[in-house]
Protein chains: 2
Amino acid sequence: MFRSSGCADPDFGPHNSRNGKDIHSISILRTFHRDQDVFECDHRCDWWYRIVSGATRKYRIRSDGRRQIADIHLPGDFFGFSSNEKHGFSVQAIVEGTTIACYPRRMTEALADSDPSVARLIRMGTFAAIERLEQQMLVVSTTSAPERVKAFLVHFRDRVGRSGEDGLALPITRYDIADLLGLSTETVCRAFTDLRERGAISLEGPRQVTIIRPGSGKD
Amino acid sequence: MFRSSGCADPDFGPHNSRNGKDIHSISILRTFHRDQDVFECDHRCDWWYRIVSGATRKYRIRSDGRRQIADIHLPGDFFGFSSNEKHGFSVQAIVEGTTIACYPRRMTEALADSDPSVARLIRMGTFAAIERLEQQMLVVSTTSAPERVKAFLVHFRDRVGRSGEDGLALPITRYDIADLLGLSTETVCRAFTDLRERGAISLEGPRQVTIIRPGSGKD
DNA sequence: CGTTTGCTTGATGTCACTCAATACATGTGG
DNA sequence: CCACATGTATTGAGTGACATCAAGCAAACG
C-alpha cells in the first residue's frame with residue numbers, strides 16, 4: 001500500500017554483547033491489525049516498542065472529544081518511553097499488518113545496565129524521539145493551514161527516508177493529518193488542493209503526493 | 001522575580017559511582033544574563049545541559065522571520081540532547097542569572113558507559129524531556145486561543161512543582177507565550193482578560209496568575 | 001518596554017452535500 | 001451448488017456557504 005521502509009537499520013543488527021544476551025533475544029515481535037491498540041493511555045509502561053514495519057499513531061482523546069495525534073511512528077522509531085507509571089497516550093496501528101518489536105522494560109533496563117552498547121542504543125532512540133517531537137512542534141506551530149500541511153509533507157518525506165524519487169505515499173488519511181496538525185479535515189483537503197493549484201505539490205492520487213517546491217515555507 | 005525551584009532534586013545529589021568520578025565532577029556551572037545565548041542552532045552538540053536555577057527558552061527563527069519557541073526549560077530539566085551533529089535550535093536564558101550545569105558530551109557518555117547509574121540518570125532525563133514535549137504538543141494543538149493559554153498555564157504550573165498554593169509567577173513575557181503557543185501577543189493578552197472575566201483565572205499582576213478552575217478544558 | 005484594548009479584515013471551523021471506492025449481503029440464472 | 005450481477009451501507013475525499021475567531025494595525029496605559 002505504501003512504500004515499506006523495511007528493516008534496513010544499521011543500529012539494530014546483531015551487536016557485541018558481553019553476556020550472550022542481546023536486545024534481540026529479549027524482544028518479541030507482534031503484528032497488529034489496522035486501528036488495533038498497541039497500548040492504551042491508562043496502561044502501565046512495562047514495555048518499550050520499536051516499529052519494524054508499518055506505522056502507528058500516538059494519540060489522546062481530549063475532554064471535548066477531539067482526538068489529538070501527538071506523533072506518527074515509522075519503521076525504526078522507538079516509542080513507549082515514560083518516566084511515569086502510565087503512558088498518557090494510546091497507540092494504534094495505522095497500517096494493516098504493522099509489526100512491532102516489544103521489549104520488556106525491566107529486562108531491557110537490566111540489560112542496559114550490564115551492556116553499555118544497549119544503553120547507548122536506547123539513548124540514541126530517545127534522542128531521535130526528542131528530535132522527532134521538536135520537528136513536529138515546528139510543523140504544528142506553522143501559522144497558515146496550507147503551509148502547515150506542506151511542512152508536514154516535507155517533514156514526513158524526510159522521515160520516510162528520501163530515496164531519490166519524489167513520490168511520497170501517505171499511509172494516513174486526511175482525518176489523521178487533521179488530528180495531527182490540529183486542523184479540520186475540510187481545511188486539510190482545501191490545503192491539499194490549494195498547494196496543488198499553486199504548484200507546490202502534485203497529486204497522483206489522494207495518498208500519492210509529489211513535493212515539487214519544498215523550498216518555500218520549509219520551516 | 002519568580003519562584004525559584006532551587007536545587008531540590010533527589011536524583012541529582014551525590015550518588016554511588018564505582019570509579020570515583022561522578023557526574024558532578026565533570027560538569028561546570030555557568031551563569032547567564034537575560035537573553036544571553038546558551039548555544040546557537042548551528043553549534044555542535046558537544047555539551048549536555050541541566051537547569052539549576054532560572055529558565056531558558058529553546059527557539060528557532062523561521063524563514064518568515066517568526067520566532068518559534070519549542071520548549072521552556074525549568075530547574076531540573078535536561079536539554080541539548082541530539083543525535084545529529086548540530087542542534088537545530090538555539091537556547092537563551094530568560095531569567096537574569098540563570099544557572100546551568102554543563103556536561104561535556106563525550107566525557108559524560110564515557111562515564112555513562114562505565115557507570116550504569118549515570119546512564120540511568122540520563123535516560124530518565126530524556127524520558128522527562130519526551131513527556132515535556134508531548135504535553136507541550138497537546139497544549140499547542142488546543143484549538144481555541146483562550147483554551148490554549150489556559151492549557152499552557154495549567155501545564156506550566158504542573159511543571160513548576162505545585163507546592164500547595166495556587167499563585168503562579170510567570171518568568172516569561174506575553175511575547176514569549178505567544179511565540180510558544182503560535183499566537184500573537186495581542187491574542188494572548190485578550191485570552192488572559194477573557195479567562196479572567198470568565199473566572200477561570202485571577203491576575204494579581206501581569207506575571208502573577210492564580211488558576212481558579214483548572215478543570216474545564218484541562219486537555 | 002511590556003501590557004492592554006478597539007477595530008477591521010481575512011482565515012478557519014462548522015454544517016451540509018456530492019462523489020468515488022469498497023465491502024457485504026442478497027438475488028438470479030445456469 | 002456455483003458464478004455473477006445488483007442493492008445497500010460504509011468510508012474516505014473533496015467542495016461550497018456561512019458564522020466565528022484570530023491576526024494585524026493603531027493607540028493608550030503603566
Side-chain angles (χ1 to χ4, degrees), chain A residues 1-2 33-35 57 62 64-69 92 94-96 140-153 169-198 201-209 217, chain B residues 1-2 34-35 57 62 64-69 94-96 140-153 169-198 201-209 217:
Chain A
M1 184 173 191
F2 75 106
H33 296 294
R34 186 169 179 272
D35 294 334
R57 61 173 86 93
R62 294 176 181 276
D64 61 357
R66 286 172 176 272
R67 180 187 63 164
Q68 176 61 45
I69 296 181
Q92 281 179 342
I94 298 178
V95 180
E96 178 64 33
V140 170
S141 316
T142 307
T143 46
S144 138
E147 289 306 317
R148 202 182 307 185
V149 171
K150 186 169 175 186
F152 159 75
L153 290 174
L170 297 172
I172 64 179
T173 67
R174 299 284 189 269
Y175 197 85
D176 282 328
I177 297 174
D179 285 352
L180 180 67
L181 301 183
L183 298 170
S184 65
T185 46
E186 297 92 333
T187 304
V188 173
C189 281
R190 276 186 262 266
F192 267 93
T193 55
D194 178 67
L195 290 171
R196 178 171 49 79
E197 288 174 354
R198 283 194 294 152
I201 62 172
S202 75
L203 292 169
E204 287 76 30
R207 304 281 191 94
Q208 190 65 36
V209 191
Chain B
M1 185 172 188
F2 75 107
R34 185 169 180 274
D35 294 335
R57 61 173 85 94
R62 293 177 180 276
D64 60 358
R66 285 173 178 271
R67 179 187 66 163
Q68 176 62 44
I69 296 180
I94 298 179
V95 180
E96 178 64 32
V140 170
S141 316
T142 307
T143 46
S144 138
E147 289 305 318
R148 201 182 307 184
V149 171
K150 185 170 175 185
F152 159 74
L153 289 174
L170 296 173
I172 63 180
T173 67
R174 299 283 189 271
Y175 197 83
D176 281 329
I177 297 174
D179 285 353
L180 180 66
L181 301 182
L183 298 170
S184 65
T185 45
E186 297 94 329
T187 303
V188 173
C189 279
R190 276 186 266 266
F192 267 93
T193 56
D194 179 67
L195 291 171
R196 177 170 51 78
E197 288 173 354
R198 284 193 294 154
I201 63 173
S202 76
L203 293 169
E204 288 75 31
R207 303 284 190 92
Q208 188 66 35
V209 191

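Below, chain A is the first sequence line, B the second, and so on; all start at residue 1.
- For the pair A:Q208 CD and D:dG12 P, the computed distance is 19 Å after rounding to whole Å.
- Note on B:T185: nothing from the nucleic acid sits closer than 4.0 angstrom, heavy atoms only.
- Rounded to an integer number of Å, the gap from CG of B:L195 to P of C:dT4 is 12 Å.
- Legend: residues meeting side-chain hydrogen bond (donor to acceptor under 3.5 Å, both in side chains) with B:E96, ordered by chain and number and at least two apart, are B:H33.
- Pairs engaging residues 185-194 of chain B under the salt bridge (Lys or Arg N to Asp or Glu O under 4.0 Å) rule: B:D194-B:R198 [sequence neighbours left out].
- At a threshold of 4.5 Å between non-hydrogen side-chain atoms, the residues A:S141 and B:R62 count as touching.
- The nearest whole Å value for the distance from the CZ atom in A:R207 to the C1' atom in D:dG14 is 14 Å.
- Listed by chain and number, the residues in a side-chain hydrogen bond (donor to acceptor under 3.5 Å, both in side chains) with A:S202 are A:E204 (sequence neighbours excluded).
- Between the P atom of D:dG12 and the CG atom of A:D179 lies a distance of 12 Å, rounded to the nearest Å.
- Residue pairs satisfying the salt bridge (Lys or Arg N to Asp or Glu O under 4.0 Å) criterion with at least one member in residues 174-185 of chain B, sequence neighbours excluded, are listed as follows: B:R57-B:D176, B:R67-B:D176, B:R67-B:D179.
- A 4.5 Å side-chain heavy-atom check between A:V188 and A:Y175 finds every atom pair outside the cut-off.
- From one end of the helix from C:dC1-D:dG30 to C:dG30-D:dC1 to the other, with five pairs defining each end axis, the axis direction shifts by 40° (rounded to 10°).
- One atom, CG of A:D176, and another, P of D:dT11, lie 14 Å apart when rounded to the nearest Å.
- For B:T143, the side-chain hydrogen bond (donor to acceptor under 3.5 Å, both in side chains) criterion is met by no residue, not counting sequence neighbours.
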Under 3.5 Å, which N/O atoms of the protein pair with N/O atoms of nucleotides 18-24 of chain C?
none

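- Taking the side-chain hydrogen bond (donor to acceptor under 3.5 Å, both in side chains) definition, one finds that A:T187 meets it with A:S184, sequence neighbours left out.
- Taking CG from A:L181 and OG1 from A:T142, the interatomic distance works out to 8.5 Å, rounded to the nearest 0.5 Å.
- The distance between atom CG of A:L203 and atom C1' of D:dG12, rounded to the nearest whole Å, is 14 Å.
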Measure all distances between protein nitrogen or oxygen atoms and nitrogen or oxygen atoms of nucleotides 21-23 of chain D, and list the pairs falling under 3.5 Å.
residue : atom : partner : partner atom : Å
D:dA22  : OP1  : B:A145  : N            : 2.5
D:dA23  : OP2  : B:S184  : OG           : 3.3
D:dA23  : OP2  : B:T187  : OG1          : 2.1

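- Taking atom CG on A:D194 and atom P on C:dA11, their separation rounds to 10 Å, with Å as the unit.
- By the ring-ring contact (aromatic ring centres under 6.0 Å, His included) test, B:F152 pairs with B:F156, sequence neighbours left out.
- Side-chain contact between A:I177 and A:I69 is absent, with no heavy atoms from C-beta onward closer than 4.5 Å.
- Taking atom CZ of residue A:R196 and atom P of nucleotide D:dT15, one finds them 6 Å apart after rounding to whole Å.
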